[in-house]
Engineer: 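Below you'll find the structure I mean.
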Protein chains: 2
Amino acid sequence: MNDALDKAVRVFCARGYHATSIGDLTEAMQLAQGSVYKAFKDKRAVFLAAFDRNKAVRAEKLQDAIGAGGTGRERLRKVLAFYAEASHGAEGRQGCLVVGSAAELAIFDDEVAQRVAASLDRNEALLSGLIQQGQADGSIPADLDSAATARLMLCLLQGMRVVGKTGRSRDEMAAVVEVAMKALA
Amino acid sequence: MNDALDKAVRVFCARGYHATSIGDLTEAMQLAQGSVYKAFKDKRAVFLAAFDRNKAVRAEKLQDAIGAGGTGRERLRKVLAFYAEASHGAEGRQGCLVVGSAAELAIFDDEVAQRVAASLDRNEALLSGLIQQGQADGSIPADLDSAATARLMLCLLQGMRVVGKTGRSRDEMAAVVEVAMKALA
DNA sequence: ATTTATAGGAAACGATCATTTCCGAATCAA
DNA sequence: TTGATTCGGAAATGATCGTTTCCTATAAAT
């Protein structure tokens with residue numbers, strides 16, 4: 001089931017919610033049309049499940065990328081690099097489900113809006129935590145506004161995914177990470 | 001006609017392309033359904049016209065906000081503040097047509113993808129020009145990588161519009177601008 | 001071997017939407 | 001005043017889509 005949901009995630013990322021038909025989903029998930037409606041109440045339920053699956057998968061990959069060791073500064077850089085890696089080439093063109101949902105559904109669907117906000121809040125808290133870790137271990141200045149800096153980084157990460165839809169190179173995105181680290185001065 | 005297009009812009013921003021029906025457009029534009037098809041070939045033509053109209057309006061407002069005087073650093077701050085102002089409250093929730101188009105249409109419609117890329121490139125060039133102006137007038141260090149910094153600012157601006165869809169306050173976004181200025185060190 | 005539950009797949013339904021067509025009213029010219 | 005033209009607006013059309021239903025085949029269970 002998770003395999004099928006991963007396929008659904010890719011379709012929803014690339015096409016958005018409204019432009020994805022049930023046929024698109026069954027084709028990608030390799031399921032019969034009847035099977036989709038046996039497993040899910042409706043298209044929206046498939047989307048919500050795909051959203052949650054995407055959130056879990058991305059969160060795990062991000063945690064792997066951050067790793068356990070290193071200073072707060074080093075780990076924060078790894079977060080930026082993780083997003084830079086996802087914001088170029090084919091994966092960048094595919095787009096981000098959170099960004100797409102924010103643009104397409106946040107106004108109409110309160111439940112989707114809540115999940116989008118929760119995803120962003122979670123990311124912001126993660127960034128804020130890493131900054132505070134860096135301030136504790138001395139790799140980031142103690143007088144820095146951790147909340148505002150975390151919010152800046154959150155905006156930057158989401159923006160990279162937007163700009164990445166127009167097809168940038170890995171080097172272009174990696175260079176952004178280097179400059180962004182200057183905000184930790 | 002421009003008035004009607006401005007209304008269309010708002011609808012497309014809020015609802016996205018696929019979720020806006022012709023009825024939504026006629027209601028917002030206060031036009032008869034027949035009149036829409038007398039003025040435009042089809043829904044996509046309305047969208048492209050609205051996109052161009054939005055681009056022109058936003059570019060003019062941005063130029064007004066930047067002003068003619070001041071250092072490159074001061075003018076760059078005004079660009080960031082302009083986007084912060086658009087990324088909170090009701091306008092922030094309404095969203096950005098470029099971001100929405102990038103997420104929803106950039107993969108399917110080459111013409112839309114080109115316009116999105118052109119809008120981002122134009123913004124990136126504007127940012128790069130202001131940075132170079134700042135390097136010429138001494139308000140921004142000369143050894144700074146203007147291209148990478150401009151790209152960072154572009155990502156940040158687009159990301160602010162994404163995050164702004166979840167309803168942030170003016171102060172939250174204004175604080176991001178202050179931190180972002182540190183990237184010019 | 002027979003029955004029962006399960007899943008795939010096709011067909012049908014109802015709704016919605018983009019688009020076209022048609023009709024009436026209003027405007028303008030003669 | 002009359003006739004032509006234009007424009008708003010409503011109805012009709014054809015297609016698509018989400019959803020439901022029904023049928024068949026396969027596999028599990030007794």
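Numbers restart at 1 for each chain; the letters A, B, ... are given by sequence-line order, proteins then strands. Only a predicted model underlies this, so the values are computations on that prediction, with no experimental measurement involved.
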Engineer: Whole Å only: how far is the CD1 atom of B:Ile22 from the C1' atom of C:dT19?
Structural biologist: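 Computing the B:Ile22:CD1 to C:dT19:C1' distance gives 8 Å.
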Engineer: Could you check how far NZ of B:Lys38 sits from P of C:dC22, rounded to whole Å?
Structural biologist: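 In whole Å, C:dC22 P and B:Lys38 NZ are 12 Å from each other.
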Engineer: Should A:Arg122 and A:Lys55 count as side-chain neighbours, where that means a heavy-atom distance under 4.5 Å?
Structural biologist: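 Yes. Closest side-chain heavy atoms under 4.5 Å.
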Engineer: Let me know the distance between NE2 of B:His18 and C1' of D:dC17, rounded to the nearest Å.
Structural biologist: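 Rounded to whole Å, this separation is 13 Å.
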Engineer: Without decimals, in angstroms, what is the distance between B:Glu27 CD and D:dG9 P?
Structural biologist: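 So the CD-P distance, B:Glu27 to D:dG9, works out to 13 Å.
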Engineer: Any side-chain heavy-atom pair from A:Asn123 and A:Tyr83 closer than 4.5 angstrom?
Structural biologist: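 In short, these two side chains touch, coming nearer than 4.5 Å.
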Engineer: Tell me: CG of A:Leu31 to P of C:dT6, nearest whole Å?
Structural biologist: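 Rounded to whole Å, this separation is 17 Å.
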Engineer: Please determine whether a side-chain nitrogen or oxygen atom of A:Lys43 lies at a distance below 4.0 Å from atom OP1 or OP2 of D:dG18.
Structural biologist: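 Yes.
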Engineer: For the side chain of B:Gln135 and the backbone of B:Leu144, is there at least one donor-acceptor N/O pair under 3.5 Å apart?
Structural biologist: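 Side chain of B:Gln135 to backbone of B:Leu144, a donor-acceptor pair under 3.5 Å: yes, one is there.
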Engineer: What integer distance in Å separates B:Asp42:CG from C:dT19:P?
Structural biologist: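 Atom-to-atom, B:Asp42 to C:dT19, this comes out as 5 Å.
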Engineer: Whole angstrom is fine here: how far is it from CE in B:Met29 over to P in D:dG8?
Structural biologist: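 Those two atoms, CE and P, are 12 Å apart.
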Engineer: For the residue pair B:Arg58 and B:Val98, establish whether any side-chain heavy-atom pair is separated by less than 4.5 Å.
Structural biologist: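 No - every pair of side-chain heavy atoms lies 4.5 Å or more apart.
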Engineer: Would you mind reading off the distance between B:Asp24 atom CG and C:dA18 atom C1', rounded to a whole angstrom?
Structural biologist: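 After rounding, the reported distance stands at 13 Å.
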